[in-house]
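Have a look at the structure below, then the notes.
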There are 2 protein chains.
Amino acid sequence: MSVRHAVLGLLAQRPRHGYELRAAFEAFVGGRENWEVNPAQIYATLTRLEESGLVREHGMAQASGPEKRIYSITRQGKDALREWFSTAIEREHQRDEFFIKLMLCLATGQADPYKLIQTQRAKLYQDLHNITVQRTRANPQAELARILLYDKAIMYLEADLRWMDLVQARLDEIMRQPMPEPDLKPRGRPRKMQD
Amino acid sequence: MSVRHAVLGLLAQRPRHGYELRAAFEAFVGGRENWEVNPAQIYATLTRLEESGLVREHGMAQASGPEKRIYSITRQGKDALREWFSTAIEREHQRDEFFIKLMLCLATGQADPYKLIQTQRAKLYQDLHNITVQRTRANPQAELARILLYDKAIMYLEADLRWMDLVQARLDEIMRQPMPEPDLKPRGRPRKMQD
DNA sequence: TGAAAAATCTAGTTACTCGTATTATAATTT
DNA sequence: AAATTATAATACGAGTAACTAGATTTTTCA
């Protein structure tokens with residue numbers, strides 16, 4: 001949902017074509033490692049933005065080479081951008097894939113939950129190490145923004161690890177509790193509320 | 001990417017039909033608030049799983065009422081599930097929408113960066129409050145798993161808030177640094193590696 | 001020396017998966 | 001008849017993988 005706004009923001013700087021937008025986007029997020037965006041997504045986003053009237057294309061044919069299609073932002077586009085700046089970003093929903101994996105592991109008995117936790121923890125440590133290395137490689141004099149991005153990743157990974165400890169400590173207790181069952185509601189019009 | 005595996009896991013428990021899968025999934029993740037899944041996604045996932053041979057449908061017509069199409073897991077499906085259990089989950093890429101918003105705000109000068117931070121911080125505090133309330137409402141005797149999910153959300157929000165402080169403290173410094181520009185790579189065949 | 005081959009950038013397309021929004025129809029109960 | 005659940009379909013948006021085709025530069029070898 002944010003590539004759309006990023007494209008809009010980059011076009012607010014100056015008119016650009018698709019390929020250029022992609023390069024600019026990746027420069028902004030601190031490199032392709034952090035947030036790679038496929039060309040197809042840029043082009044699809046541009047046509048949707050154009051359909052919404054937030055962006056306009058001037059078909060600027062190239063003397064040689066493939067045609068570049070230059071896009072620029074419209075009045076409506078600027079309004080949409082201001083709107084984006086003025087509202088907070090909605091937190092990602094609390095969708096934890098590891099959690100349902102653990103629950104399904106307990107429910108089906110198809111795997112060892114302790115091993116599950118151990119595998120995931122090892123991965124987290126490895127990721128933490130890799131990012132810490134990248135962080136120390138960055139230059140604080142010129143790449144402060146990128147360093148802050150790494151800091152956030154590190155903070156999240158540390159939280160993940162602390163949470164893993166928590167889960168492990170409570171695992172026996174969880175296993176003693178009943179598995180959540182879907183409560184099928186009665187069909188038809190509900191009885192008149194009594195209480 | 002994980003609804004697919006969740007469906008597989010639920011079918012490993014016993015054969016089910018689409019609507020039932022949806023209810024079971026939402027029970028597993030601790031309620032619709034945490035992870036709502038649209039019916040369409042369940043049905044699409046089922047047909048894709050069937051195409052991959054991980055799941056089989058036995059067209060079990062209903063005596064009365066709409067036809068229920070019952071699905072069950074295949075041998076291949078069980079293998080795929082074991083594979084999932086045995087590998088760690090890939091961390092979500094470090095895609096921070098707030099970060100690019102801040103960068104674009106600085107680059108375009110279309111909004112006040114301090115206000116941006118303040119707005120986001122307020123939202124985070126509000127979310128933190130809401131989740132804390134939900135957490136205290138849950139019953140540790142029967143909903144321990146769900147409580148752990150809330151704990152993780154809280155840990156993430158606290159990390160977000162600490163990070164906001166960090167960003168704010170360094171903002172002046174960031175603004176003094178040059179905006180990231182896409183680095184144009186030299187065209188043509190690269191020079192022979194010397195080192 | 002000069003032509004062919006190799007490697008890589010530039011610009012964009014096609015086809016696919018995953019997920020969301022919205023709508024439709026049938027069954028069941030009050 | 002009205003309300004509400006049960007089940008499914010359609011359409012769309014976001015994102016990924018893989019590819020095409022030409023331009024540009026360097027290497028290599030006759």
Side-chain angles (χ1 to χ4, degrees), chain A residues 1-7 16-26 32 35-52 54 57 59-71 90 92-93 95 97 182-194, chain B residues 1-7 16-26 32 35-52 54 57 59-71 90 92-93 95 97 182-194:
Chain A
M1 196 53 176
S2 74
V3 167
R4 183 185 167 98
H5 289 109
V7 165
R16 305 180 194 245
H17 58 90
Y19 195 88
E20 196 185 346
L21 281 166
R22 184 187 183 217
F25 180 85
E26 291 185 343
R32 192 162 295 181
W35 192 332
E36 178 172 3
V37 49
N38 291 307
Q41 192 179 350
I42 298 285
Y43 297 113
T45 301
L46 281 171
T47 62
R48 278 192 289 261
L49 283 172
E50 192 176 19
E51 278 164 17
S52 308
L54 308 187
E57 187 220 332
M60 202 182 199
Q62 187 91 336
S64 78
E67 264 196 12
K68 293 182 191 176
R69 293 191 307 193
I70 309 272
Y71 290 85
E90 196 62 34
E92 292 291 310
H93 276 319
R95 304 187 161 189
E97 182 167 350
D183 44 338
L184 300 176
K185 298 186 183 172
R187 297 184 69 159
R189 175 171 176 164
R191 285 163 178 281
K192 203 166 158 192
M193 286 295 175
Q194 304 285 359
Chain B
M1 196 53 177
S2 74
V3 169
R4 181 185 169 98
H5 290 109
V7 166
R16 306 180 194 246
H17 59 89
Y19 197 87
E20 196 185 347
L21 280 166
R22 182 185 185 219
F25 179 84
E26 290 184 344
R32 193 161 296 181
W35 193 333
E36 179 172 3
V37 48
N38 291 307
Q41 192 180 351
I42 298 286
Y43 298 116
T45 301
L46 280 172
T47 63
R48 279 191 288 259
L49 283 172
E50 193 176 16
E51 278 165 16
S52 309
L54 308 188
E57 187 221 332
M60 202 180 197
Q62 188 91 334
S64 77
E67 263 196 11
K68 292 182 189 175
R69 294 192 304 194
I70 310 271
Y71 290 85
E90 197 61 35
E92 292 291 310
H93 276 318
R95 304 186 162 190
E97 182 166 350
D183 47 338
L184 304 176
K185 297 187 183 171
R187 298 185 71 160
R189 175 171 177 162
R191 282 162 177 282
K192 202 165 159 190
M193 285 295 175
Q194 305 286 0

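Below, chains carry the letters A, B, ... as their sequence lines are ordered, and counting in each starts from 1.
The CD atom of B:E90 sits 15 Å away from the C1' atom of D:dT16 (whole-angstrom rounding). Rounded to a whole Å, the OH atom of A:Y71 is 12 Å from the C1' atom of C:dA11. Between A:K68 atom NZ and C:dT13 atom C1' the separation is 18 Å, expressed in whole Å. Taking atom CD of residue A:E57 and atom P of nucleotide C:dG12, one finds them 9 Å apart after rounding to whole Å. Here the P atom of nucleotide D:dA6 and the CG atom of B:L21 are 14 Å apart, to the nearest Å. Nucleotide D:dA8 holds its C1' atom 15 Å from the CD atom of B:E50, rounded to whole Å. If you take CZ of A:R4 and P of C:dG19, they are 21 Å apart, rounded to a whole angstrom. What separates CD of A:E51 from C1' of D:dA11 is a distance of 14 Å, to the nearest Å.
Legend: residues meeting side chain to side chain contact (heavy atoms under 4.5 Å, CB included) with B:S52, ordered by chain and number and at least two apart, are B:R4, B:L54.
For residues 36-49 of chain A, proximity to DNA chain C is found at A:P39, A:A40, A:Y43, defined as any non-hydrogen atom under 4.0 angstrom from a strand atom.
For the pair A:G18 and A:Y43, the tightest heavy-atom approach, listed with the atom from each and the gap, is CA-CE2, 3.6 Å. Of all the heavy atoms in A:E26 and A:W35, the pair that sits closest is CG-O, 3.9 Å. When all heavy atoms of B:E36 and A:R95 are compared, the pair lying nearest together is O-NH2, 3.4 Å. Closest approach of A:R22 and A:V37 over heavy atoms only: NE-O, 2.9 Å.
Atoms CG and CG, on B:L46 and B:L21 in that order, are 5.5 Å from each other to the nearest 0.5 Å. Taken from CZ in A:R48 to CD in A:Q41, the straight-line distance is 8.0 Å, to the nearest 0.5 Å.
The phosphate of C:dG19 has neither OP1 nor OP2 within less than 4.0 Å of any side-chain N or O from B:R22. Taking 4.0 angstrom as the limit, A:H17 places a side-chain polar atom (N or O) nearer than this to OP1 or OP2 of C:dG12. Applying the 4.0 Å criterion to OP1 and OP2 of D:dA6, one finds that B:Y19 has a side-chain N or O inside that range.
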